[in-house]
Number of protein chains: 2
Amino acid sequence: MVDRSHIVKSYEQELGQLRSMVSQMGGIVENQVALALSAISEQNEEAASSTTQQDASVDALERNVESLAIRLLALRSPMASDLREIVATLKITGDLERIGDYASSIARRSLRIRTASGQLTLTGLRSMGRLVQDNLRRSIDAITQQDSSRAMEVWHSDRAVDEYYTALFRELVTYMMEDPRNIRPCTELLFIAKNLERIGDHATNIAERVFYAVTGENLPSVRPRGGIATTENSADKNEQ
Amino acid sequence: MVDRSHIVKSYEQELGQLRSMVSQMGGIVENQVALALSAISEQNEEAASSTTQQDASVDALERNVESLAIRLLALRSPMASDLREIVATLKITGDLERIGDYASSIARRSLRIRTASGQLTLTGLRSMGRLVQDNLRRSIDAITQQDSSRAMEVWHSDRAVDEYYTALFRELVTYMMEDPRNIRPCTELLFIAKNLERIGDHATNIAERVFYAVTGENLPSVRPRGGIATTENSADKNEQ
């Protein structure tokens, strides 16, 4: 009988390496979101440029994860839950890469919101930002610990993110109506709010994928949704 | 020697089935974009609701592609370019699913833009829409024909999409400044323009993935970019 312990060990090592690369990617992206939020709160140009500078590392990690996944698939013939995990990883890195892009977009836009009305709005944005950060952190923990119950928590709290977005949308439109000088900064804030909502949505995607990889079951295709029924809210179901 | 012709044939059949499912998904998504654009041009509620109704089929196809890909990976141990193609397919269906979501978002928003100024803007949006449709069609052709030169065409014309977006953004902000009654519909149009730009971006992602699957080489990480250097344009590099 052939001694396969060496092969088994290095398969586990490679799978461990894949997980650690995804965690690392998650860590960078979490940091980008934190920096982008402080770029808004403090009008901090340095935080804004640190955010965007990390895009390249995220992109490189996404490519490296893909190469390692292809290598594992080609040489190790993983089965059952390992195979599901590797496939989920390929999708998850796509979500993480998008989150990093949204964070960079927020960082760039943060430098263009300098008005008194803009200041008023920041309270709502900050609260929304904290919630989205919590959800992102939990979804990354769910990946690292392959924890379906954490994934389920994220899935349930996406509703609250939507509620914040709906409230902010209304508030911003009101500011724009009040004073045309608010229009330009408020369009930036509208896109920032939308970007935050999208980050929350990608965190939920990640949660759904972890849930599937761990349990082999899909979460319901319809997510719990927040906000009272307004045109804006209903327009934003499952969207951009 | 074992006769493997039966196995080989059904592997090819399964790979063919995977390709045909992706083409089918591409076809539905193309149709969603076309319907969403006619929902804008003609304020056509029926087109708008047809667009959103197709989300469920797209989601189901994405899941089915993933299941078949997992099956192929588990049972067929595909190598080299087949393996790259299957991995690319998993990423591409994610892009197609997002495009379908953006089309649905456009369709829903299209029903909320009823103003004279809105009408003025539609010319620019229509042209942008046609260009994005062309790019999407070419990227889907690139998938179906595994054609790297088509992929390269899409990659090069993303620049023009960005230029349209930048021009529309300025135009819409001007309308909002002119008359507060334009603010609400113009925010919808801003998001529609952004959604179109994002559809173009996902078409480019698809092109990049096809190029990699076919050639084993990556396109340069920096895309050709359009628009003159304005804050809005520079803010929109690689973003949501």
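Per chain, numbering begins at 1; letters A, B, ... match sequence-line order. The figures here come from the full heavy-atom set of this structure, side chains too, leaving out hydrogens, waters and symmetry mates.
Contact record, B:D55 with B:G100: OD1-O, 3.6 Å, taken as the closest heavy-atom pair. For the pair A:M176 and B:T187, the tightest heavy-atom approach, listed with the atom from each and the gap, is CE-CG2, 3.6 Å.
Heavy atoms closer than 4.5 Å to chain B are found in the side chain of A:M79, but not in its backbone. Residue A:D95: no heavy atom, backbone or side chain, is found under 4.5 Å from chain B. Heavy atoms of A:L90 lying under 4.5 Å from chain B belong to its backbone as well as its side chain. Proximity to chain A (any heavy atom under 4.5 Å) is shown, for B:E97, by neither the backbone nor the side chain. Contact of A:I70 with chain B is made through backbone and side chain together, with heavy-atom distances under 4.5 Å.
Shown here are the side chain to side chain donor-acceptor pair (under 3.5 Å) partners of A:E66, two or more places apart in sequence or in another chain: there are none.
Using a 3.5 Å distance cut-off with no hydrogens or angles, the side chains of A:S10 and A:R76 do pair a donor with an acceptor.
With respect to B:D101 and B:R98, a salt bridge is recorded, a charged nitrogen being found less than 4.0 Å from a carboxylate O.
Of the listed residues B:L73, B:V173, B:N205, B:I199, the one with more heavy-atom pairs under 4.5 angstrom with chain A than any other is B:L73.
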